[in-house]
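Position 1 is the first residue of the sequence, and the numbers go up from there. Quick note: numbers below take in every heavy atom, side chains included, and nothing from hydrogens, waters or symmetry partners. Since we're looking at a predicted model, the values are computed, not measured.
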Amino acid sequence: MAEKNAVVLLSGGLDSATTLGIAVAEGFAIYALSFDYGQRHQREIEAAAALAKHYRVARHVTQHIDLRAFGGSALTADIAVPKDALKTQNTKHKTQNGVEEIPITYVPARNTIFLSFALGFAETSGAFDIFLGVNAVDYSGYPDCRPEFVEAFERVANLGTKAGVEAAAGGKGGAFRIHAPLIRMSKAEIIRKGLELGVPYGLTHSCYDPTLEGKSCGHCDSCLLRLAGFREAGTRDPVAYLE
């Protein structure tokens, strides 16, 4: 029996599925949180539901918010998703004046928004552990996937909640911990870890621009990073691609 509750941000992608598998292996009772935020690739919502069912989580909430109201991203506005941008860049985006260029698939403040919801969910679920699958090695250059961001949000969590304030005063609360177990792993290392844990990658979805039938395009940043990870891990990606 799990002794502790944990909130896991579950997008339905490869990284969040692996993170869920890690949290389960560590003995947590899982409260999974997914978002229908108006994203172009809403197929991932179905994937998240399938993963939650597979792991028999204690509770799965899909929160509806509309980030299309702000736009500013190829995932939430009528902007084309870049294709094959990483093929000539060794899976890294180019830099300008030494600063890595942030791609148009970045959704403004997305992880800050998601973690804020996760924190509220955790505080009402008796959970002091929050897991998210951000990665700072094989990733698309998003600023809210860096260790500095995760560490800063953990400080916010303990400063801005009733439970955190009570814990700091020696009361009945507890200290919130933000877990990012994949943050320093390569995509291949993530996949190997997931396979070791039995993560059902066939249920996951990563593509930013899938077909109406749900097939992955094989050309967006997310597909290219995923495919490269499976190749390096020496195994086949079980999801269906357009080509």
Side-chain angles (χ1 to χ4, degrees), residues 9-19 34-35 37-48 67-68 70-96 98-114 132-147 149-150 180 182-191 194 201 204-212 214-233 235-243:
L9 286 173
L10 182 62
S11 70
L14 183 151
D15 291 347
S16 75
T18 308
T19 301
S34 306
F35 290 90
Y37 59 93
Q39 65 267 49
R40 178 192 298 266
H41 54 311
Q42 291 203 337
R43 167 70 180 81
E44 68 174 5
I45 299 170
E46 299 172 16
L67 296 186
R68 290 188 66 87
F70 306 137
S73 168
L75 303 188
T76 57
D78 294 325
I79 302 170
V81 172
K83 301 295 178 70
D84 298 322
L86 298 180
K87 281 189 174 179
T88 59
Q89 299 169 36
N90 192 29
T91 69
K92 296 293 180 184
H93 279 272
K94 62 184 179 181
T95 62
Q96 293 183 347
V99 178
E100 190 170 358
E101 180 182 352
I102 298 172
I104 194 61
T105 50
Y106 162 71
V107 179
R110 178 174 59 181
N111 282 341
T112 305
I113 294 166
F114 288 179
L132 74 162
V134 294
N135 177 263
V137 179
D138 286 341
Y139 77 124
S140 294
Y142 302 149
D144 54 1
C145 289
R146 298 175 299 164
F149 168 78
V150 175
L182 313 182
I183 202 158
R184 299 191 187 280
M185 297 170 67
S186 71
K187 192 66 73 178
E189 288 171 337
I190 292 168
I191 291 166
Y201 285 130
T204 65
H205 178 85
S206 301
C207 180
Y208 289 153
D209 194 24
T211 67
L212 293 177
K215 289 186 177 181
S216 298
C217 73
H219 295 275
C220 67
D221 287 1
S222 187
C223 281
L224 292 175
L225 288 168
R226 177 177 174 130
L227 286 166
F230 273 98
R231 282 196 300 272
E232 188 179 338
T235 188
R236 180 179 176 276
D237 187 348
V239 305
Y241 286 84
L242 182 60
E243 297 178 7

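- When side chains are defined from C-beta on, S216 does not count as touching P210, because their heavy atoms never get closer than 4.5 Å.
- Side-chain contact between V239 and H205: absent, with no pair of heavy atoms (C-beta onward) separated by less than 4.5 Å.
- Looking only at side-chain heavy atoms (C-beta outward), P238 and F230 come within less than 4.5 Å of each other.
- Under 4.0 Å is where a charged nitrogen must lie from a carboxylate oxygen, and between D78 and R68 at least one such pair does.
- By the side-chain contact (heavy atoms from CB on, under 4.5 Å) test, S206 pairs with L14, S222, R226, sequence neighbours left out.
- You'll find the side chain of V107 stays beyond 4.5 Å of the side chain of F70, heavy atoms only.
- Listed by chain and number, the residues in a salt bridge (Lys or Arg N to Asp or Glu O under 4.0 Å) with R184 amount to none (sequence neighbours excluded).
- Side-chain contact between T112 and F149 is present, with at least one heavy-atom pair separated by less than 4.5 Å.
- Summarising the geometry of P103 relative to D221, their closest heavy-atom pair is CB-OD2, 4.3 Å, with the distance given to 0.1 Å.
- Looking at every heavy atom in both residues, G218 comes nearest to L224 through O-CD2, 3.6 Å.
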Check against side chain to side chain contact (heavy atoms under 4.5 Å, CB included), N111 and C145: CA-CA 8 Å; N111 282 341; C145 289; 4.0 Å; yes
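- Residues meeting the side chain to side chain donor-acceptor pair (under 3.5 Å) test with S11, sequence neighbours left out: S16.
- Side-chain atoms of D15 and K187, non-hydrogen and from C-beta on, do get closer than 4.5 Å to each other.
- Side-chain contact between Y241 and C217: absent, with no pair of heavy atoms (C-beta onward) separated by less than 4.5 Å.
- For the residue pair I104 and A80, the shortest heavy atom distance occurs at CG2-O, 4.4 Å.
- Going from atom OG1 of T105 over to atom CD of Q39 covers 13.5 Å, rounded to the nearest 0.5 Å.
- Below 30°, between 30° and 60°, or above 60°: for Y106 and Y142 the angle between ring planes is between 30° and 60°, a tilted geometry.
- For L10 against S34, the heavy-atom pair with the smallest separation is O-OG, 2.6 Å.
- Take A180 and apply the side-chain contact (heavy atoms from CB on, under 4.5 Å) test, not counting sequence neighbours, and it matches L132, V134, V150, I183.
- A donor-acceptor pair is defined here as one N or O able to donate and one able to accept, closer than 3.5 Å; such a pair exists between the side chain of R40 and the backbone of I79.
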Chi angles and distances behind the side chain to side chain contact (heavy atoms under 4.5 Å, CB included) call for L75, Y37: CA-CA 10 Å; L75 303 188; Y37 59 93; 4.2 Å; yes
Residue pair D237, R231: steps toward the salt bridge (Lys or Arg N to Asp or Glu O under 4.0 Å) verdict: CA-CA 8 Å; D237 187 348; R231 282 196 300 272; over 6 Å; no
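- The heavy-atom pair separating V137 from S186 by the smallest distance is CG1-CA, 4.1 Å.
- In this structure K83 satisfies the salt bridge (Lys or Arg N to Asp or Glu O under 4.0 Å) test together with D209, sequence neighbours excluded.
- The backbone N or O of M185 sits less than 3.5 Å from a side-chain atom of N135, completing a donor-acceptor pair.
- Residues satisfying the salt bridge (Lys or Arg N to Asp or Glu O under 4.0 Å) criterion with D144, sequence neighbours excluded, are absent altogether.
- In this structure, CG in L9 is found 8.0 Å from CZ in F114, a value given to the nearest 0.5 Å.
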